Amino acid sequence: GWEKMISGAESLIKRPSVKVGVQGAEAHGPGVSVVDIATIHEFGAPDAGIPQRSFVRSTTDANLSKIQEMQKTELKAVLFEGKTVDKALGKIGAWLAGQMQKRITDRIPPPLKPSTIARKGSDVPLIDEGILRRSITWKVKS
C-alpha cells in the first residue's frame with residue numbers, strides 16, 4: 001500500500017490538469033472556428049444582438065460541489081488504489097464534458113428570436129448541426 005501511495009503522490013507533483021470545453025481549431029464556417037462560436041455564445045455579443053448563453057461557466061458553477069466530490073474520490077483512488085492520475089482526471093473531464101453537452105441539449109435561455117427560428121428551422125438555441133455540442137471534450141495534461 002505504501003508504494004502505491006508514494007507512486008500516486010509523486011504523479012501529482014507535476015501538477016496535472018484537465019481542460020474541459022471546446023478545443024481545437026475545427027472550422028465552423030469560412031474564417032470562423034468552433035472555438036469562436038463557443039466564445040461568442042458563452043459571453044454573448046451584444047453589439048451583434050447575440051445574448052449570453054453560457055454552457056461552460058454555468059455548468060461548472062452549477063456542479064462545483066459534485067466536481068469537488070469527484071476530485072476527492074479520484075485523489076483517494078490515485079493515492080491508495082494505484083489509479084493513474086490521467087485516468088482519474090479523464091473520468092472527471094468526461095463527466096463534466098457530458099454535463100456541458102446536456103446543458104446545451106436542455107435549451108439554454110433566452111429563447112431564440114422568431115427571425116432566428118425562421119432562418120434555422122428550429123427553436124433550440126446553440127444547436128444547428130450539433131457541431132458545437134460535439135466539440136465539447138476534455139484533455140488531460142500530465
Side-chain angles (χ1 to χ4, degrees), residues 1 4-142:
K4 280 185 185 177
M5 189 172 87
I6 294 299
S7 176
E10 286 174 346
S11 67
L12 295 171
I13 292 171
K14 297 176 187 174
R15 299 190 59 98
S17 61
V18 61
K19 291 169 59 174
V20 183
V22 176
Q23 301 173 44
E26 180 183 0
H28 188 272
V32 180
S33 72
V34 177
V35 172
D36 295 332
I37 297 298
T39 303
I40 289 167
H41 288 295
E42 181 69 24
F43 297 101
D47 293 345
I50 301 171
Q52 174 179 286
R53 290 189 175 94
S54 174
F55 58 93
V56 175
R57 292 169 299 136
S58 64
T59 303
T60 303
D61 291 348
N63 289 288
L64 190 56
S65 62
K66 174 66 175 170
I67 294 166
Q68 291 169 335
E69 178 185 314
M70 289 180 77
Q71 287 173 327
K72 289 177 189 176
T73 300
E74 293 304 310
L75 177 60
K76 288 177 187 175
V78 168
L79 291 175
F80 302 115
E81 299 168 17
K83 189 172 196 174
T84 67
V85 172
D86 286 0
K87 285 190 181 205
L89 289 173
K91 181 177 180 179
I92 295 168
W95 179 83
L96 186 55
Q99 293 301 303
M100 289 178 188
Q101 292 166 338
K102 182 180 181 312
R103 172 99 172 104
I104 290 175
T105 302
D106 290 346
R107 298 176 180 241
I108 299 172
L112 296 176
K113 297 176 191 173
S115 59
T116 304
I117 295 169
R119 177 182 50 79
K120 67 182 249 175
S122 168
D123 66 347
V124 182
L126 303 185
I127 299 178
D128 287 354
E129 299 171 23
I131 296 169
L132 175 63
R133 185 178 53 194
R134 281 192 313 271
S135 297
I136 298 170
T137 187
W138 70 96
K139 183 181 245 182
V140 173
K141 182 180 176 200
S142 302

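In this chain, numbering begins with 1 at the start of the sequence shown. Note that the coordinates shown come from a computational prediction; the quantities given were computed from them, not determined experimentally.
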Please list all pairs meeting salt bridge (charged side-chain N to carboxylate O under 4.0 Å, His left out) that have one or both residues in [range], counting only residues at least two apart or in different chains.
{"range": "residues 31-40", "answer": "none"}
{"range": "residues 84-95", "answer": "E74-K91"}
{"range": "residues 52-62", "answer": "E42-R57"}

Sub-4.5 Å side-chain heavy-atom contact between R119 and T116: yes

With the side chain counted from C-beta on, respond yes when L132 and I127 share a heavy-atom pair under 4.5 Å apart, and no when they do not. no

Tell me every residue that passes side-chain hydrogen bond (donor to acceptor under 3.5 Å, both in side chains) with [X], counting only those two or more places apart in sequence or in another chain.
{"X": "K120", "answer": "D128"}
{"X": "Q71", "answer": "none"}
{"X": "S17", "answer": "none"}

When rounded to the nearest 0.5 angstrom, what distance separates [atom1] in [X] from [atom2] in [Y]?
{"X": "L126", "Y": "S54", "atom1": "CG", "atom2": "OG", "result": "10.0 Å"}
{"X": "M70", "Y": "L89", "atom1": "CE", "atom2": "CG", "result": "10.5 Å"}
{"X": "L75", "Y": "K83", "atom1": "CG", "atom2": "NZ", "result": "11.5 Å"}

Using every non-hydrogen atom in the two residues, find where V140 and G90 come nearest and quote the distance to one decimal. CG2-N, 3.7 Å

State, to 0.1 Å, how close P110 and P125 come at their nearest heavy-atom pair, and which atoms those are. O-CG, 4.0 Å

Side chain to side chain contact (heavy atoms under 4.5 Å, CB included) involving A118 - partner list, sequence neighbours excluded: none

Listing, residues 93-109 side-chain donor-acceptor contacts under 3.5 Å, not counting sequence neighbours, or none:
residue: Q101; atom: NE2; partner: R133; partner atom: O; Å: 3.2
residue: Q101; atom: NE2; partner: I136; partner atom: O; Å: 3.1
residue: K102; atom: NZ; partner: D106; partner atom: OD2; Å: 2.7
residue: R103; atom: NE; partner: S58; partner atom: OG; Å: 3.0
residue: T105; atom: OG1; partner: Q101; partner atom: O; Å: 3.1
residue: T105; atom: OG1; partner: R133; partner atom: NH1; Å: 3.0
residue: R107; atom: NH1; partner: D123; partner atom: OD1; Å: 3.1
residue: R107; atom: NH1; partner: D123; partner atom: OD2; Å: 3.3
residue: R107; atom: NH2; partner: D123; partner atom: OD1; Å: 3.3

